[in-house]
Amino acid sequence: MFENKERTDLGKLGEFGLIKHLTSHFKIQHESSIKGIGDDAAVLNFKNKQVLISTDLLLEGIHFDLSYVPLMHLGYKAVQVNLSDIYAMNGVATQITVSIGLSSKFPLEAVEEIYKGIELACNKFNIDLIGGDTSSSKQGLVISVTSIGYADKKEVCYRNGAQEGDLLCVSGDLGGAYVGLQILEREKQIFIENPQIQPDLEGKDYIIERQLKPEGRRDIVDLLAQMKIKPTAMIDVSDGLASEILHICQQSEVGCTIYEDKLPIDPMTYETGRELGLDPTVCALNGGEDYELLFTIKQSDYDKLKNDVDITVIGHMTDKNSGCKMISKSNVVHELKAQGWNAF
Ligand code: ADP
Ligand code: MG
C-alpha cells in the first residue's frame with residue numbers, strides 16, 4: 001500500500017516520539033476537558049450532567065480490510081461509529097481516546113493517514129482527543145476508540161422506554177453501506193484475478209461513501225431537541241435494522257409492526273442491490289453499518305416531525321404478545337428476525 005511512498009520506520013521515533021508526533025497539533029476545545037494528553041490520566045469535569053461512555057475495538061481482517069479501506073477513512077470511521085453510540089443515548093459527544101496496535105508493516109506515513117482521518121472527524125464533530133495508548137502488534141492493525149459525552153439526566157434515551165402505541169422512526173436511509181461493501185468486495189475479487197483491471201466504482205459514490213465514510217447523526221439529536229421531541233427509546237443502526245428493532249422490543253417489553261413499503265431506501269442502494277441479485281428490503285433490514293438513529297416517539301409528537309424529509313415513520317409499537325412483524329408490500333406478515341452480524 002505504501003510501496004511508492006516515503007517510508008519512515010516507526011522505530012526511529014520511539015513510542016513517546018510517535019505519540020507526540022501524532023497528537024501534538026490536536027487542540028482542546030471543551031471546557032469539560034480539564035487535562036488531555038500528557039499525564040497519567042485525563043481529567044474531565046461535567047458539572048451536574050450525566051456522563052456517557054462507549055468503546056469499540058476494531059481489528060484488521062475482522063472489522064476492516066485494508067485492501068479497499070484507505071487508512072484516512074479508517075481513522076474517520078473508527079471515530080464516527082463510536083460517536084454514533086453517544087448520539088444514540090441522545091447525548092453530546094465531547095471527547096475520545098484512541099488506542100492503536102501497529103505491526104512492523106506500518107510506516108509512520110501510514111499512521112499519519114489514520115490520524116488525519118481521526119483529526120477530520122474530531123474537527124467536524126467538535127471532539128477533543130484526550131488520550132489513548134500505543135503499542136506494537138505482532139500482526140495487523142488494531143484500533144480502539146472510546147467516546148465520552150454527556151446529557152441532562154432527563155434527556156438520556158435508553159433502549160427500554162418504548163411503549164405500546166409509540167411510533168417507530170428511523171433517520172436517513174438504510175442498506176446503502178451493505179450494498180457499498182458488496183461492490184467493494186466484488187471489485188477486490190476482480191482485482192485479485194486480474195490486477196490490470198481498474199476498479200469500476202463509477203456512479204456508485206453514495207453507497208461507497210456510506211460504507212467507507214459513515215457519519216454519526218448528531219444532526220438528528222439536535223433536530224429532535226429543536227422539535228422538542230424526546231424519543232421514548234433510541235438505538236443506532238450498526239448491526240442492521242431488524243436486529244436493532246428487536247433490541248428495543250426486548251428491552252422495552254413491547255412488540256412492533258413495521259411496513260416494508262415505508263423502509264427508506266436510496267434509489268442507488270435499490271438499483272445496485274438488484275444488479276447484484278440482492279433483495280433491497282433484506283439489505284435494509286439486515287445490512288448494518290448504516291449508523292442511522294432508530295427511535296420511538298409518542299403519537300402526540302407525530303405532528304412535530306411528520307414533514308421532516310430526513311426522518312421516516314416505519315411502524316408502531318404493539319403489545320409484547322403480538323411479536324415483531326413486518327407487513328410486506330403484498331400484505332404478507334413476516335416475523336422480524338435478527339440476522340445482524342455476529343462477532344462470534
Ligand atoms: P502511560 O505510560 O501512562 O500509559 P503513555 O506514555 O502511554 O502513558 O501515554 C502518554 C500520553 O499520551 C497519555 O496522555 C496518553 O493518554 C496519550 N496517548 C498515548 N497513546 C496515544 C494515542 N495513540 N493517541 C492519543 N493519545 C495517546
Ligand atoms: Mg500507555
Side-chain angles (χ1 to χ4, degrees), residues 1-2 5-46 51-64 66 69-86 92-150 213-216:
M1 201 182 321
F2 283 86
K5 296 193 186 159
E6 211 179 315
R7 290 183 65 100
T8 309
D9 194 54
L10 286 177
K12 258 180 136 177
L13 288 106
E15 187 190 331
F16 302 125
L18 174 64
I19 295 170
K20 192 158 180 233
H21 182 86
L22 293 174
T23 62
S24 58
H25 52 285
F26 279 78
K27 288 184 191 63
I28 294 290
Q29 317 191 45
H30 290 279
E31 215 182 295
S32 55
S33 307
I34 308 286
K35 177 74 192 177
I37 291 168
D39 214 310
D40 295 309
V43 180
L44 305 178
N45 182 358
F46 286 101
V51 180
L52 310 169
I53 299 183
S54 180
T55 196
D56 280 318
L57 175 64
L58 302 177
L59 306 175
E60 182 179 352
I62 307 282
H63 303 101
F64 57 90
L66 289 180
V69 178
L71 289 164
M72 188 162 78
H73 287 72
L74 179 66
Y76 189 84
K77 181 169 172 175
V79 176
Q80 288 294 345
V81 305
N82 202 251
L83 297 179
S84 177
D85 286 319
I86 301 291
V92 181
T94 40
Q95 289 91 3
I96 54 166
T97 65
V98 175
S99 297
I100 45 174
L102 300 161
S103 69
S104 55
K105 76 174 176 187
F106 293 98
L108 174 64
E109 288 74 15
V111 194
E112 281 174 346
E113 283 295 303
I114 299 172
Y115 269 76
K116 264 190 218 162
I118 292 172
E119 193 173 4
L120 210 62
C122 285
N123 289 340
K124 192 158 177 193
F125 284 71
N126 193 24
I127 304 295
D128 293 345
L129 175 68
I130 54 152
D133 203 18
T134 307
S135 170
S136 53
S137 103
K138 279 216 164 150
Q139 230 183 2
L141 176 64
V142 179
I143 303 187
S144 176
V145 178
T146 299
S147 341
I148 299 153
Y150 66 89
K213 200 173 164 288
E215 307 237 315

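Note that ligands are numbered from 1 as they come in the structure, with each ligand's atoms numbered from 1 the same way.
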Worksheet item: Any side-chain donor-acceptor pair under 3.5 Å between Thr55 and Thr146?
Response: yes
Worksheet item: Does any donor atom in the side chain of Tyr76 or Glu215 lie under 3.5 Å from an acceptor atom in the other side chain?
Response: yes
Discussion item. A quick test of your reading: do over 12 heavy atoms of other residues, nucleotides or ligands sit less than 6.0 Å from CD of Gln29?
Written reply: yes
Discussion item. At less than 4.0 angstrom from any non-hydrogen atom of Phe16, what atoms of ligand 1 do you find?
Written reply: 6 (O)
Worksheet, complete the sentence: Ranking Gly38, Ser99, Gly101 by closest non-hydrogen atom to atom 11 (C) of ligand 1, top hit is Gly38
Practice prompt. Would you mind running through ligand 1 and noting each atom that sits below 4.0 Å from a heavy atom of Ile100?
Written response: 23 (N)
Discussion item. Please check if the number of heavy atoms outside Lys105 that lie under 6.0 Å from its NZ is greater than 12.
Written reply: yes
Worksheet item: Going by distance only, is there an N or O of Asp133 that falls short of 3.5 Å from an N or O of ligand 1?
Response: yes
Fill in: For the student: nearest non-hydrogen atoms of Ile96 and Cys122, plus distance
CD1-SG, 3.7 Å
Discussion item. For Asp85 and Ser54, which I'm curious about, is there any donor-acceptor pair between the side chains at under 3.5 Å?
Written reply: yes
Worksheet, complete the sentence: Short version for Phe26: what comes under 4.0 Å of ligand 1, heavy atoms counted, is neither
Item to complete: Classify the contact between Thr23 and ligand 1 as side chain, backbone, both or neither, using a heavy-atom distance cut-off of under 4.0 Å.
Response: side chain
Worksheet entry | salt_bridge(Glu113, Lys116) N-O dist < 4.0 Å | yes
Item to complete: Using a strict 4.0 Å cut-off to heavy atoms of Gly131, name the atoms of ligand 1 that fall inside it.
Response: 16 (O), 25 (C), 26 (N), 27 (C)
Worksheet, complete the sentence: Judged by heavy atoms only, the candidate from Leu18, Val98, Ile118, Ile19 nearest atom 9 (O) of ligand 1 is Ile19
Worksheet entry | Selected option - heavy-atom contact closest to atom 21 (C) of ligand 1, from Leu129, Asp39, Thr134 | Thr134
